[in-house]
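Structure first, then comments.
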Amino acid sequence: MAGLDAKNLPKIPEEDMEALKAAFGEGNLTEAAAKAKEALETADKITLNFAVTGESGSGKSSFVNAIRGLKDNDKGAAAIGVTEMTMKLLPYPHPSYPNVIVWDLPGIGTPTFKSDTYLKQVGFSRYDFFIIISCTRFKTHDIELAQEIQGQGKKFYFVRSKVDQDLENEKTLYDEAGILKQRKAPTKRPHQYSESAILEAIRENCIKHLEAAKVASSRVFLVSRWDLGKYDFPKLQEVLVDELHSHKRRALLRSLSNVSKETLEKKKQQLQTQIWLKSLVSCGIAAIPIPGLSIVCDITMLVTSLKEFCRDFGLDEKSLSALSKRTKIPIAELKAVIKSPLSEEITKDLVITLLTKCGSGAVQYSTILLKFIPVVGAVVGAVVAAAVSLPTTYFMLKNFLDAAAADALRVLEVVMEGDGSN
Ligand SMILES: Nc1nc2c(ncn2[C@@H]2O[C@H](COP(=O)(O)OP(=O)(O)O)[C@@H](O)[C@H]2O)c(=O)[nH]1
Ligand SMILES: [Mg+2]
C-alpha cells in the first residue's frame, strides 16, 4: 500500500489488508462484519464425503477408523473383520468434524456387486473422491472401478494397505543380524534386510499391474493402519488436500491427523486466511467495550476461535491423552513442549490478557484503517474504536495461531523421536 511504512509494525499481510479494504468498500462496518460472518459460516457448513472401497478384508473399515483418528474399539468406529454380504452403505462422520463423512462401502468383486453397476448402487454422485484399497496387488475389479470413476470425472486414489505385515513377513526370512537366511530356491531378495527395498518392491509390483491395465493414475500409497506417521500416509493426506477444490479443502484439512510437518503447515496457512474475517466479525457484530482496554470486541467469539485453533492442532486434554495412549509417550512429556494454553485453559480473562499484549503494536494500524472504514451510517466513535480493535484482535488471533502451530510441531517432533527409538 502506497505511503505506508510498515517496517516497524507487526505484519498484516498485504492481501489481508486488501481484503479488509474491499470488505469496507461497499458499506459500513456493520455490513462488512455481517458479510464476514456469513463467509465464515458458509465455510463451516461445507460437507465433504469420500468413499473407501476395495475387496472384502482389504482393510477398508480399518482405514475408515484410522483416517478419523479412531481405534477399532472406539465409540463410532467401523466394525472390523466383517464380511460384507449386503449392499450396506455406512456413513462414518469424523468425531470432531462431523461435516467430514467417510463412507465404508461394501466390498467389490463379490457376485452381488459388479463393477459396472457398483457405482450406481453406492450412489456415485455423493462422493468427492474415492479411495481404493487393496492388501495385495490391485485386481481387475479394482482397476475397472478406477476406470469407471475416472470416466465419470472424479478422482480415485490407490492405497496399498497392511505394509507393516509385509515387512514382518519378509523379516522372518532374515536372521537377527539382518542377513538373508540360506534358501534353496533362487531369490531376488537383497542379502541384507532393507525396509526401503521391500517397500519399493511392493510399490513397483502394484504400479506394474496398473500400468499394464492403462489406468489413468498409477500412483499407489503404501500405508499401515497402525502407524499413520509412516510410509505414504502423510503424502496421501497432502495429495488429497492439494487435489481437492478449494472450498472443500478446508473441511478435509481440519479433520486430518497431525502426522506430518507438511499437514501442520497447511493447516496453519488455511486458518491464517480466515483471521481477518474473524477479527472483523469480532469487532463489528456483538462487540462490547473491554474494561481497561480501548477496544470493543466480542470476547466470547474470540474464546471460541482460540479453542478451535487448539482443537485443529490437537492441543486439548482429550487429544493429548489419546496421542499419549497411541504412542506410549507419557502425557507429561508431550505437555512439556507446549508453551501456549491448552483449549481447557482458554477463558475470557485469558483472551483479555492476550489482547492487552497486542494493543501497542495494533494502535499503529488504526490510522491506516481509519482511512478506509467508511463512517456511513455509523457513529464516529464506533468507527474509531473499531480501527483500534480490528488490528488488536487480528494480532491476538495471529499470535495465538502461530504459537499453537509451533506447539503442535514440537509435539509431533517428540512423537517422531519416540518412534525412532522403538
Ligand atoms: N497388520 C495390519 N492389519 C490390518 C491393517 N488394516 C487392516 N488390517 C486387518 O485386516 C483385517 C480386515 O480389516 P477390515 O478393516 O475389516 O477390512 P474390510 O473388510 O476391507 O473392511 C482385520 O483383521 C484388520 O485388523 C494394516 O494396516 N495392518
Ligand atoms: Mg469392513
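Worth knowing before you read on, the calculation uses all heavy atoms, side chains too, and leaves out hydrogens, waters and symmetry mates. Every number for a ligand or one of its atoms is a count from 1 in the order of the listing. Here the structure is a predicted model, which means the values were calculated and not measured.
The atoms of ligand 1 that sit less than 4.0 Å from any heavy atom of Arg225 are 5 (C), 6 (N), 26 (C), 27 (O). Counting atoms of ligand 1 from 1 in the listed order, those under 4.0 Å from a heavy atom of Ile80 are 15 (O), 16 (O), 22 (C), 24 (C), 25 (O). Atoms of ligand 1 lying under 4.0 Å from any heavy atom of Gly81, numbered from 1 in the order shown and given with element: 14 (P), 16 (O). Atoms of ligand 1 lying under 4.0 Å from at least one heavy atom of Glu55, given by number and element, are 20 (O).
Checking Ser134, Ser58, Ser61, Gly57 against atom 19 (O) of ligand 1, the nearest heavy atom belongs to Gly57. Taking all heavy atoms of Lys162, Lys60, Arg160 into account, the minimum distance to atom 8 (N) of ligand 1 is reached by Lys162. When the options Cys135, Ala66, Ser62 are ranked by their closest heavy atom to atom 14 (P) of ligand 1, first place goes to Ser62.
No salt bridge links Lys162 with Asp166; every basic N to acidic carboxylate O contact stays at or beyond 4.0 Å. With salt bridges taken as basic N to acidic carboxylate O contacts below 4.0 Å, one links Asp312 and Arg254. Asp242 has no carboxylate O lying under 4.0 Å from a charged side-chain N of Arg249, or vice versa, which leaves the two without a salt bridge. A salt bridge links Glu41 to Lys37: one of the charged nitrogens lies within less than 4.0 Å of a carboxylate oxygen.
Legend: residues meeting side-chain hydrogen bond (donor to acceptor under 3.5 Å, both in side chains) with Lys248, ordered by chain and number and at least two apart, are Asp128.
Within the structure, the salt bridge (charged side-chain N to carboxylate O under 4.0 Å, His left out) test picks out the following pairs touching residues 325-335 (sequence neighbours left out): Glu317-Lys335.
Residue Ser56 does not count as close to the Mg ion (ligand 2), with no N, O or S atom under 2.8 Å.
Judged by the 6.0 Å and 45° rule, Lys154 forms no cation-pi pair with Tyr127.
Inclusion of Phe63 in the set of residues having an N or O under 3.5 Å from an N or O of ligand 1 is not warranted.
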